[in-house]
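To start, the structure under review is shown below, and the notes come after it.
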4 protein chains.
Amino acid sequence: MVEPKASGRGTGRARKSPAKARRAPANKGTGARRDQEVLEAATKVFHARGYADASVQDIADELGILKGSLYHYIDSKEELLFRLLDESHQEVAAILEEVLAIEGLEPLERLRLYVTRQVEYTSKNLAKMAIYYHDVDQLSEERRKEVLRNRRTHERFVASLIAEAQERGEVPADLDPALTTNYLFGSMIWVYRWYRPGGKLRPQQVAATCADFIMGGLTAPR
Amino acid sequence: MVEPKASGRGTGRARKSPAKARRAPANKGTGARRDQEVLEAATKVFHARGYADASVQDIADELGILKGSLYHYIDSKEELLFRLLDESHQEVAAILEEVLAIEGLEPLERLRLYVTRQVEYTSKNLAKMAIYYHDVDQLSEERRKEVLRNRRTHERFVASLIAEAQERGEVPADLDPALTTNYLFGSMIWVYRWYRPGGKLRPQQVAATCADFIMGGLTAPR
Amino acid sequence: MVEPKASGRGTGRARKSPAKARRAPANKGTGARRDQEVLEAATKVFHARGYADASVQDIADELGILKGSLYHYIDSKEELLFRLLDESHQEVAAILEEVLAIEGLEPLERLRLYVTRQVEYTSKNLAKMAIYYHDVDQLSEERRKEVLRNRRTHERFVASLIAEAQERGEVPADLDPALTTNYLFGSMIWVYRWYRPGGKLRPQQVAATCADFIMGGLTAPR
Amino acid sequence: MVEPKASGRGTGRARKSPAKARRAPANKGTGARRDQEVLEAATKVFHARGYADASVQDIADELGILKGSLYHYIDSKEELLFRLLDESHQEVAAILEEVLAIEGLEPLERLRLYVTRQVEYTSKNLAKMAIYYHDVDQLSEERRKEVLRNRRTHERFVASLIAEAQERGEVPADLDPALTTNYLFGSMIWVYRWYRPGGKLRPQQVAATCADFIMGGLTAPR
DNA sequence: TATGAATGAGGCTTCATTCAT
DNA sequence: TATGAATGAAGCCTCATTCAT
């Protein structure tokens, strides 16, 4: 069984932290909580207007502080996007890791579980996932490459699961695992574009039907 | 068999054109050709940098004219985007219409043909399709609604093809055609994100494998 | 005696201000003072070059800040004009209110007082009044309507003073008060076009002679 | 009796004329007629939008030709304004000349006639007069000076009429003719701001009531 | 005369970011 | 931490004017 490696906190981002210089101790969890609020505000705003179109002012408004004050929590608008994408990646990667960590699952069962959890996560975190998939290109060259590298690693694990199933004869032999991974991801990811929470469709239903579709696509004889 | 109606040339058109209003000019195609060049330049630039990030200057540079001169051909940056999206829609809708016009095809054959042609088109017109799917949100309220309305119509035709196959028992009865259309589109559309022309993968191969995947997803028993 | 109502502070006010919305600031007047400086600079520039011809750059120059910085104080060039006109209207309306508030005056005495004060005010605030009467048309439809509505109300009060005098037989019975108000205003307002402060003519002299002329025009038998 | 001199075709404006260079003869009255059409279109447009706000495009639209073509008839936008103002001045000056040319009139009768004709003319040529009085400042230094010089001459003739009446004791001795001329003009000119043709008020009525008002202002004892 | 493409300058506005308080 | 004034660069768009055809 494949083993995902530590999922790319590499560049590590020694970012300015609100609990940094001046008066080091005194407040501790507050800084982190505030940090999280900033990320949430940014998520909401970036999703609503698109990263490029959203302004730092919008985020400050969402937080109820002034634009200038926001710079106590961020280095730049782009760094904020990166943090968001990085956080998203952590969570998406964690799902894969959890699924891979479960013992005793056959490849196809594992794949179905993976897709199910992933789609459910996406349905429940639409804004985050929308930004994750829609706005990577807005990062600087270097950061974009880091994110894409992480994704590629992630995709390779999924592809290797397909390959495993293929070796067991459960997936047609003439199917290209890496190529098919793209179709699988397409169905899964595209959810961020059409799913509307609050409608009659529950996340579980989306997850289950999407997994059905994908499993069919993988296993159907040619 | 369902019949798609004329696909939404209704709203947006009173645009400025070099061959524009007052007293129809005597030139016969130069204007239109230049118009097309503008669209192509915009396509290139919007794809490379994203609509929001691309500047009118970039497009003018691409054309080798001054920024101000570009406004002989467009009303605004946004109108240019709309024209692009509208044109894309025409072409995408044309594919569906052609496929629907063929007589004697069974629903599933028709669906496979549709997917194949659509994916091949996308592979060959990556920039256009990337913009078509990635940048709709940047349109003004009104124009966005028009585009989305057109798409919804398009999707309904595809869903109705699935329903037809379902009635013939070729697709599981418990599958929701409208919902499944989303997964189908996901696989198909996502191509714009990962396909790289010039690599070893030919458009026809992408089209064929994508169609296989989707047909499997539609027809596999639960 | 008629009573002018609060003169139209209804519409236009939700403007951006350095002392603006979110969490009322602790500063006590600096913001307002700067605001006033902006208005004064704009008054000077608009008067010198005409609203349409004046640039935001000119105003920024006058203030010694950058063009972009000016937008901390204004929403748009047009909103700035509106603020100017609104302020002017407040002051002009205040004069009328004061004159109407004095008790024990006969209509014609009141009219003479009104004209005198108004003309004196105009002579002393040429730039403001010039803009007030010269540049209303440059406002957006909605704002122009608000300003004109205010003026109409103002004029009606003046007309009603004429009507009062008429009832007492002090003004010819065949004279139309509303129509005559226009002539009265013409003489009064036109001052902004020809009066040059710093010349040998004092504001009081202009006011007195203008009032004489107008009272003659009102009362002379036909 | 005073004699107005030739009213300022001085600077003369050797303007580009459509009947100028290439193929001198052939069309004769056509050129002048077209010229007049251009002036009329400009009058309409400048009045509707204000000189500074009106574009050359607007005028071309009004004429049904293209912007570039308009430059066959004008040298520049400003020159067009000047032509307009110059023409207006000719007509306004002509009224004064005619009134001065009539023999056997007493000064006050002459004044009343002058005001009456002038106001009637203004009421019937609102657009022209509005531009004449509203947009002089938009001319270049030199041309503005020429126009204002012409006006000053005109005003002096009116002032001298007042002085004549004063010498006959028909106007209070303590009244300053030049100063009073300003009030007189104010009432007369302001008509361009409030009169609406097509309403119930006929030009003759405006003229008569305005003249009444002004004569009252001139003759009433202090 | 008329066209219409192109110019080039300038105008209004937005915005990420900095910094003194 | 928070403020809010200011920066400076850039973006979109308009427009008077020119010119080859």
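Note that the structure is a prediction, hence the values are computed from the model and not measured. Quick note: numbers below take in every heavy atom, side chains included, and nothing from hydrogens, waters or symmetry partners. The chains referred to below are lettered A, B, ... by the order of the sequence lines, with proteins before strands, and numbering in each begins at 1.
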In whole Å, I'd like the distance from the [atom1] atom of [X] to the [atom2] atom of [N].
X        : N       : atom1 : atom2 : result
Gln57(A) : dT18(E) : CD    : P     : 16 Å
Leu63(B) : dT7(E)  : CG    : P     : 11 Å
His72(A) : dC19(E) : NE2   : P     : 13 Å
Ile74(A) : dT1(F)  : CD1   : P     : 15 Å
Asp75(B) : dC15(F) : CG    : C1'   : 15 Å
Ile59(C) : dC12(E) : CD1   : C1'   : 11 Å
Leu66(D) : dT21(F) : CG    : P     : 18 Å
Lys77(D) : dT18(F) : NZ    : P     : 15 Å

NA contact type, Ala60(C), heavy-atom cut-off 4.0 Å: base, sugar-phosphate, or nothing?
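The answer is nothing, as Ala60(C) stays clear of every strand by at least 4.0 Å.
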
Just checking Ile65(B): base, sugar-phosphate only, or nothing, at a heavy-atom cut-off of under 4.0 Å?
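Sugar-phosphate, backbone atoms only, no base.
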
Give none if dA9(E) has no partner; otherwise give the nucleotide forming a Watson-Crick or G-U wobble pair with it, both distances under 3.5 Å.
dT14(F)

Taking any strand in view, what nucleotide pairs with dC19(E) in a Watson-Crick or G-U wobble way, both distances under 3.5 Å?
dG4(F)

Tell me which of Ser69(B) and Ser69(A) sits closer to the 5' end of DNA chain F, going by the nucleotide each one is nearest to.
Ser69(A)

Starting from the 5' end of DNA chain F, give me the residue, Gly68(A) or Ala54(B), whose nearest nucleotide shows up first.
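Nearest nucleotide further toward 5': that of Gly68(A).
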
With respect to the phosphate group of [N], does any side-chain polar atom (N or O) of [X] fall under 4.0 Å of OP1 or OP2?
X        : N       : result
Arg49(A) : dC15(E) : no
Tyr71(A) : dT17(E) : yes
Arg33(C) : dA5(F)  : no

Between Glu142(C) and Lys145(C), does at least one N-O distance fall below 4.0 Å, as a salt bridge requires?
no

Output the single nucleotide from [options] whose closest atom is nearest the side chain of [X].
X        : options                  : value
Ser55(A) : dA2(F), dT1(E), dA16(E)  : dA16(E)
Ser76(A) : dG11(F), dA5(E), dT17(E) : dT17(E)
Tyr73(C) : dA5(F), dT17(E), dA16(F) : dA5(F)

So [Y] and [X], do their side chains get closer than 4.5 Å, heavy atoms only?
X        : Y         : answer
Val56(B) : Tyr71(B)  : yes
Phe46(B) : His134(B) : no
Asp58(B) : Arg49(B)  : yes
Leu81(D) : Val136(D) : no
Glu79(B) : Arg143(B) : yes

Which residue lies toward the 5' end of DNA chain E, Asp58(C) or Leu70(B), if each is placed at its nearest nucleotide?
Leu70(B)

Which residue lies more 5' along DNA chain E, comparing Ala52(A) with Lys67(C) via nearest heavy atoms:
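The 5'-side residue here is Lys67(C).
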
